[in-house]
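To start, the structure itself, in structure tokens.
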There are 2 protein chains.
Amino acid sequence: MPMRDDSAAVAETAAAETGTRARTRRAILDAAVALLSTDQTASLGDVAAAAGVGRTTVHRYFPERSDLLAAIGADILDKVAAATERARLDDGPASTALERLCQEFFELGDRLTLMFDVPQFMNWDGWEEETAADAALLRLVDRGRAEGSLDPEMSAEWVQNVLWSLLYSAWEHARSHGAPKHAALTLCLRTLRKAVAP
Amino acid sequence: MPMRDDSAAVAETAAAETGTRARTRRAILDAAVALLSTDQTASLGDVAAAAGVGRTTVHRYFPERSDLLAAIGADILDKVAAATERARLDDGPASTALERLCQEFFELGDRLTLMFDVPQFMNWDGWEEETAADAALLRLVDRGRAEGSLDPEMSAEWVQNVLWSLLYSAWEHARSHGAPKHAALTLCLRTLRKAVAP
DNA sequence: TGCGAGTGGAACATCGATGTTCCATAAGGG
DNA sequence: CCCTTATGGAACATCGATGTTCCACTCGCA
């Protein structure tokens, strides 16, 4: 007899759920990210197995597949927001701040490639609405163009696209060419720096 | 109605199909590319409808879904090879040749995004084996690094990754931001040029 | 330690995609 | 013009993923 997670609904965003529930939820979420980033067609049964829980339990937390994907999406948005804050986009030259952001985003790891690889995410509703993180990045680029530390020919949207693409490339480079992650990040940063320089 | 396609198709299977068969086959292939590039989960029924043929006919040409995907993959490889030849990678400065290649690849259009978006293709066997086009690109980059027209810090594989990523970004930029294709290409070329410059 | 929340697994119903067969019909080339 | 070839559509079988229900079990917390 499920308590109809009113508590969970409330706690969903910030508050801490019951220790057990929160832990299970995270386990499923993390396993799903790890698994889906290597095999986008993985079934819920696979996710359950990877998370070390029963398929029934997965359905208990995420009634439908779309619920799971939405939760992953929300989780990613959270982490993107956190990374953006850590990058302190308003401090120092815009070009330097952009590199800090790139480094922070790089740490998102699997979640990064997931956004590109899983069809569901490319067309997701969640990206539509301009997030605070998006706005901050666009502001940063505009500032950089005004300052003269970023290429004035490139729109903020284009810089954003390039940033994400290079991050994807870096992870792909590490994954398929077996390059160490730090080397991939270095290449990524170097390429980005030159690409957006005036 | 490019002559090139017919000769390529002939060369492909070494068996000249009748005009009707070849035309139907191309219709299915092209419709599949166009459809799958916008909806990776499209069913064979959808593909058939988009191609203006019956579902039965699709199965007649491609018994299994995987056969269709393999055919698309082979078709893409053909077009990549053709584009690479047209770019004359051995002529002139390496950086210029790379830009020519970028322009040629840009013309691949939907097929470009398909390779990234459709899971099946990212892990496909077909990419594994080093194609002549791959080899030519790698040679080009090495030449450029030796000449001093390309960044010596960047491996040929990385440049290749960046090239494809920027192309994907350009198409995505055109698609979602409604930018005209020529503008997207210009941005792409500018970004690539700066990124790989020494 | 005992109660209840949380869990696992089996069994079942459903659904859409896939693949196959068959036949009537349209199309196209000789 | 006729006959081969190609096609469309209906009907059917199959399969895997999904979602649901039920019950026994266990683990954590009071």
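Small disclaimer: the values here were computed from a predicted structure and weren't measured. Order of the sequence lines fixes the chain letters, A, B, ..., with proteins taken first and strands second; residue numbering starts at 1 for each chain.
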Original post:
Do B:Asp142 and B:Arg145 sit within salt-bridge range, that is, some charged N less than 4.0 Å from a carboxylate O?
Top reply: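 Yes, charged N to carboxylate O under 4.0 Å.
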
Subject >> For atom CZ of B:Arg21 and atom P of C:dG29, their distance in whole Å >> reply: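 Those two atoms, CZ and P, are 14 Å apart.
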
Subject >> Nearest-angstrom distance from the residue atom OH of B:Tyr61 to P of D:dA6 >> reply: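 Rounded to whole Å, this separation is 7 Å.
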
Subject >> Minimum heavy-atom distance A:Phe106-A:Ala170, with the two atoms named >> reply: CE1-CB, 3.9 Å

Original post:
Which atom names give the shortest non-hydrogen contact between B:Ala81 and B:Ala133, and what distance separates them?
Top reply: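 Taking B:Ala81 first and B:Ala133 second, the nearest heavy atoms are CA-CB, 4.3 Å.
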
Original post:
Can you tell me if the side-chain N/O atoms of A:Thr57 get under 4.0 Å from OP1 or OP2 in C:dT7?
Top reply: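 No, because none of the side-chain N or O atoms of A:Thr57 sits under 4.0 Å from OP1 or OP2 of C:dT7.
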
Subject >> Under 4.0 Å protein heavy-atom contacts per nucleotide of nucleotides 17-30 of chain D, with B for base, S for backbone only and - for none >> reply: SBBBB---------

**OP:** Measure the acute angle between the ring planes of A:Phe116 and A:Trp164, then classify it against the limits of 30° and 60° as parallel, tilted or perpendicular.
**Re:**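 A:Phe116 vs A:Trp164 ring planes: tilted.
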
**OP:** Mark yes or no for whether B:Arg100, through its side chain, and B:Asp91, through its backbone, hold a donor-acceptor pair below 3.5 Å.
**Re:**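 Between the backbone of B:Asp91 and the side chain of B:Arg100 there is a qualifying donor-acceptor contact (under 3.5 Å).
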
